[in-house]
K.L.:
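Quick one: the structure is below, questions incoming.
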Amino acid sequence: MQFSDQLITELKPVWQANHNHPFVKELAAGTLPVSKFKFYMVQDYLYLIDYAKLFALGAAKANDLAVEAKFAELLSETLNTEMALHRQYAQQFDISEAELTNAEPTPTTLSYTNYMLSVAQSGGLDKVLVALLPCMWSYNQIGKQLVGTPGANHPLYANWVEMYSDDDYTALTDWTIGLLNQVAAGKNEFEIKELTNIFLNTTRYEYLFWTMAYDHQTWPTIK
Ligand SMILES: Cc1ncc(CO)c(N)n1
C-alpha cells in the first residue's frame, strides 16, 4: 500500500470529519451564511501568505532539479495567481484589499501556520510534504465532492468550488501525493510514525480552521 493510502486509511475518522464539517456541508447546500464565508476568506488570505512559504521551503530542501522547479512553480502560482484571485473574489463580498492586508490572524490561523512553518523549517522534504499536503489534498477532495451540489451553483460560492475542483489543482495535488510516496518509500517505522503524526495534526488544523470560521472565533476582548 502506498504511504498516502495508508495515511487516509489510518486517519479515516479525522479525514472524514473534515469533509463533513458543518461549514462544508452548508457550503455544499448553498445555505452557509455569507458572514461565515467572509470571516473564512479574510483568514484564508492571511493563511495563504504563510502557506506559500512552505513551497519555498520545499524548493530549498529539494535534492532534485525537477522537484525544485516544480516547487518554484507552486510558489509563483500561489503568490501571483491564487492570491490575486483571492483579492478579486474578496471584492464580491465587499472585502477591500486594505481589510485583507490589515486583518489580524486569529489564534487558530496563527497556530496552524506557525506549526506548519516550524515543522517544515526544522525537517527535510518529507516533513515539508506532510505539513502541506492535508491542505491541498482535503481542499481538492472537498472541491470535487461539491461539484454538482447547490453550492457549486451559488452566485458567491461557485467560484470557490471551481477553483479547488479544477483539473490544474487536481494535477498539482496528485503530483504532491506522488512525491510524498516516493520520499516515504525508504523510511523506517519510527520515521513513518512521525510523518503520520504531522499529517494528523495538519488535518486536525484544517478541521479547526472550518470551526474557527463557522463560529467566528477570534481573540478574547480584554478591556
Ligand atoms: C486553510 C486552508 N487550507 C487549504 C487551502 C488550500 O490552498 C487553503 N486555501 N486554506
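Residue numbers run from 1 in the order of the sequence given. Remember, it's 1-based here, ligands and their atoms both numbered in the order they're listed.
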K.L.:
So H216 and F39, would you call those rings parallel, tilted or perpendicular, with 30° and 60° as cut-offs?
P.N.:
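Because their plane-to-plane angle lies in the 30° to 60° range, the rings of H216 and F39 count as tilted.
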K.L.:
With under 30° as parallel and over 60° as perpendicular, where do the rings of W210 and H21 fit, or are they tilted in between?
P.N.:
tilted
K.L.:
Just to verify, what does F199 make a ring-ring contact (aromatic ring centres under 6.0 Å, His included) with, not counting sequence neighbours?
P.N.:
W15
K.L.:
Give me the ring orientation class for Y45 and H86: parallel if the planes are under 30° apart, tilted from 30 to 60°, perpendicular past 60°.
P.N.:
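Tilted, since the angle between the ring planes falls between 30° and 60°.
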K.L.:
With clusters built from Ile, Leu, Val, Met, Phe, Trp and Tyr whose side-chain heavy atoms come within less than 4.5 Å, directly or transitively, what are the remaining members of the cluster of W219, listed by chain and number?
P.N.:
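Under the 4.5 Å side-chain rule, W219 groups with L110.
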K.L.:
Would you please name every residue forming a side-chain hydrogen bond (donor to acceptor under 3.5 Å, both in side chains) with N20, sequence neighbours left out?
P.N.:
none
K.L.:
Provide, line by line, the atom pairs where ligand 1 and the protein bring an N/O atom each to a distance under 3.5 Å; else say none.
P.N.:
{"unit_1": "ligand 1", "atom_1": "3 (N)", "unit_2": "E206", "atom_2": "OE1", "d": "3.2"}
{"unit_1": "ligand 1", "atom_1": "3 (N)", "unit_2": "E206", "atom_2": "OE2", "d": "2.7"}
{"unit_1": "ligand 1", "atom_1": "9 (N)", "unit_2": "D44", "atom_2": "OD1", "d": "3.4"}
{"unit_1": "ligand 1", "atom_1": "9 (N)", "unit_2": "D44", "atom_2": "OD2", "d": "3.0"}
{"unit_1": "ligand 1", "atom_1": "9 (N)", "unit_2": "Y164", "atom_2": "OH", "d": "3.3"}
{"unit_1": "ligand 1", "atom_1": "10 (N)", "unit_2": "D44", "atom_2": "OD1", "d": "2.5"}
{"unit_1": "ligand 1", "atom_1": "10 (N)", "unit_2": "Y139", "atom_2": "OH", "d": "3.3"}

